[in-house]
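This is a predicted model, so every value here is computed, not measured. Values below: all heavy atoms of this structure, side chains included; hydrogens, waters and symmetry mates excluded. Just follow the structure's listing: the first ligand is 1, and inside any ligand the first atom is 1.
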Amino acid sequence: MIIHGKALINRSIEDVYIEIESGIIKRISKEKPRDKVIEYGDNGTIIFPGMVDIHVHMRDFNQAYKEDFYTGTKAAAAGGVCLVMDMPNTDPKNNSLEVLSKRDKLASKSVIVDYGLYYGLPDEKEALYGYEDIAWGIKIYPEDYNNPLLMEALNYNKEKRLLTVVHPEDPIDIEEGYRGLGCELRAIAKFIELAIKYGYRVHLTHVTSVNSILLSRLAKDHGVTLDTCPHYLLLNKNRRNEAYFRVNPPLRDEYIQENLLRSLSRIRVDAIATDHAPHTLEEKRGDDPRPGFPGLETCLPILITLYKHGYLDIWDIADLYSLGPAKIIGVDKYLGSIEEGKAANLVVCNIKDEYKIDPTEFHSKAKHSPFEGMNAYGKVIATMIRGEFVYRDGDFLVQRGYGDNIRRLTKNNHG
Ligand code: NCD
Ligand code: ZN
């Protein structure tokens, strides 16, 4: 198969023919081949590398009413996301080898994009050993900070060279009802100290401010990485303080948000992740709304919109939502850019036409969005994963179960 269009390659946009064989990009050429090509050469259409979202909640199990692996990965495919990394705060919790194996079986028969699983801090030491056969790394929540097994898990991950993703909010502050920026900074300080002292490989997820980034940078030579989310870039509590916009960590003051947005092109952020956290509309609209909202179908368009408004370079989009996250989880040999030898994961977007974000059109079960009504660019036209169109012109073209666990994919194909 050969695809023609303007593609994001080597930090620029190039008019190329991308030849794909056995799910891999075999050749990228400027010359028109004799074979038939799939044409995406229209004005305003750009081919990006497939996006990688390292923070999503696919729910399923007893919370399948909020989202399941099929609907969650449909949302991913429609949002140009080819790999989703699933969080373990499920019901039941994904922190035992038994639940982990069950979750992997369920995912592997349901998903239409590739996935990785994070494991929760287990209740017993024994449940740590061998989790990496299925899961990619461990996710640490504030309630885990004082668990004696935390150090055990950090040491285990260090020995096995596995990733630890941290939700940075101090549990004592949370207990006292304070979730301001100080609560986040205290938690970041704790984990960068652990990384510096003991050499743990820590990734700080959903940081909300420039202060958080600068603090984390103190440990950049110790491998500490971080991501932020579209809602911390665009929304703040001054304008969006209703219960409906509840999320953890909470939206910040306007000046904190504005500073983060304006610094994005100048300050090193390793990745953007959505924290796709679906809840039903009823749960969001009740008296005590659940925190979080879906993000998979809006993230790439939001980044493209930020590019259109001059906040980002076009290359930054791929750097922040494809190559950057691929590097964080250590799969950049295989994913993250349009390059010969890498997986044929591609996203075709229309960056010319403006449209309104309308959550009633979402494929996620969570038909709501804090970005509802926003004018955006970058509607996804097609998403290809390992050489197959998974999503094209509004249709899903693969069977449930097409996607696979990144653990198996990297073992089988890329050592
Ligand atoms: C998350 C969820 O709903 O699972 N919600 C959120 O506001 N981010 C929980 C979490 O990741 O802390
Ligand atoms: Zn989350």
Side-chain angles (χ1 to χ4, degrees), residues 53-69 71-72 75-76 81 84-95 103 115-121 135-145 163-171 173-175 179-180 183-184 187-188 191 203-208 212 226-233 235-237 240-252 271-286 288-296 298-299 325 328-329 364-366 368-371:
D53 200 319
I54 57 174
H55 189 146
V56 308
H57 300 263
M58 285 285 134
R59 311 286 192 213
D60 219 314
F61 286 164
N62 294 328
Q63 291 179 327
Y65 68 94
K66 293 178 194 259
E67 191 80 290
D68 59 44
F69 275 110
T71 55
V81 176
V84 290
M85 300 296 288
D86 169 64
M87 288 294 166
N89 64 335
T90 47
D91 177 17
K93 257 164 107 175
N94 184 12
N95 70 341
R103 192 156 182 79
Y115 67 96
L117 300 173
Y118 293 116
Y119 193 49
L121 190 65
W136 195 263
I138 285 181
K139 169 74 183 293
I140 300 298
Y141 283 91
E143 60 264 33
D144 302 323
Y145 287 18
L163 182 67
T164 308
V165 176
V166 174
H167 173 137
E169 279 192 293
D170 185 283
D173 282 340
I174 295 177
E175 204 171 299
R179 294 189 97 139
C183 168
E184 177 176 322
I188 293 174
F191 280 92
H203 176 74
L204 303 162
T205 190
H206 55 44
V207 306
T208 64
S212 317
L226 59 89
D227 68 68
T228 186
C229 314
H231 42 279
Y232 302 117
L233 289 170
L235 308 174
N236 62 64
K237 71 175 186 202
R240 295 284 188 230
N241 204 19
E242 305 102 275
Y244 178 71
F245 293 91
R246 190 176 287 175
V247 61
N248 289 327
L251 299 181
R252 301 302 186 200
I272 297 288
T274 56
D275 194 1
H276 178 85
H279 300 286
T280 64
L281 253 179
E282 293 68 38
E283 287 172 321
K284 288 303 283 182
R285 285 195 177 139
D288 186 21
R290 304 304 309 140
F293 20 71
L296 282 167
T298 47
C299 188
I328 290 166
I329 58 173
S364 166
K365 284 186 186 175
H368 54 87
S369 167
F371 303 108

Nearest non-hydrogen contact with atom 12 (O) of ligand 1 belongs to which option: H167, E169, H55?
H167
Under 2.8 Å from the Zn ion (ligand 2), can any N, O or S atom of H206 be found?
no
Is the Zn ion (ligand 2) less than 2.8 Å from at least one N/O/S atom of H167?
no
N or O pair under 3.5 Å between [X] and ligand 1:
X    : answer
P291 : yes
H57  : yes
D275 : yes
H206 : no

Quick one: do the [X] and [Y] side chains pair a donor with an acceptor below 3.5 Å?
X    : Y    : answer
H57  : D86  : no
E67  : H276 : yes
E184 : T208 : yes
D227 : H203 : yes

Among all protein heavy atoms in this structure, tell me which lies nearest to atom 7 (O) of ligand 1, with the distance rounded to 0.1 Å.
N248 N, 2.9 Å
Among all protein heavy atoms, pick the one closest to atom 9 (C) of ligand 1 and tell me residue, atom and distance.
N89 ND2, 3.7 Å
Give a yes or no on whether the ring-centroid distance for Y145 and F191 is below 6.0 angstrom.
yes
Strictly under 6.0 Å, is that where the ring centroids of H279 and F293 end up?
no
Is H279 close enough to touch ligand 1? Criterion: a residue heavy atom under 4.0 Å from a ligand atom.
yes
Is the shortest distance from a heavy atom of R59 to ligand 1 less than 4.0 Å?
yes
Once the angle between the rings of H167 and H206 is folded into 0 to 90°, is it parallel (under 30°), tilted (30 to 60°) or perpendicular (over 60°)?
perpendicular
Mind checking whether E283 and Y65 have side chains closer than 4.5 Å, heavy atoms only?
yes
Which atoms from ligand 1 have a heavy atom of V247 less than 4.0 Å away?
7 (O)
Which of the N/O/S atoms in D275 sits closest to the Zn ion (ligand 2)?
OD1
Does R103 make a cation-pi contact with F61 (under 6.0 Å, within 45 degrees of the axis)?
yes
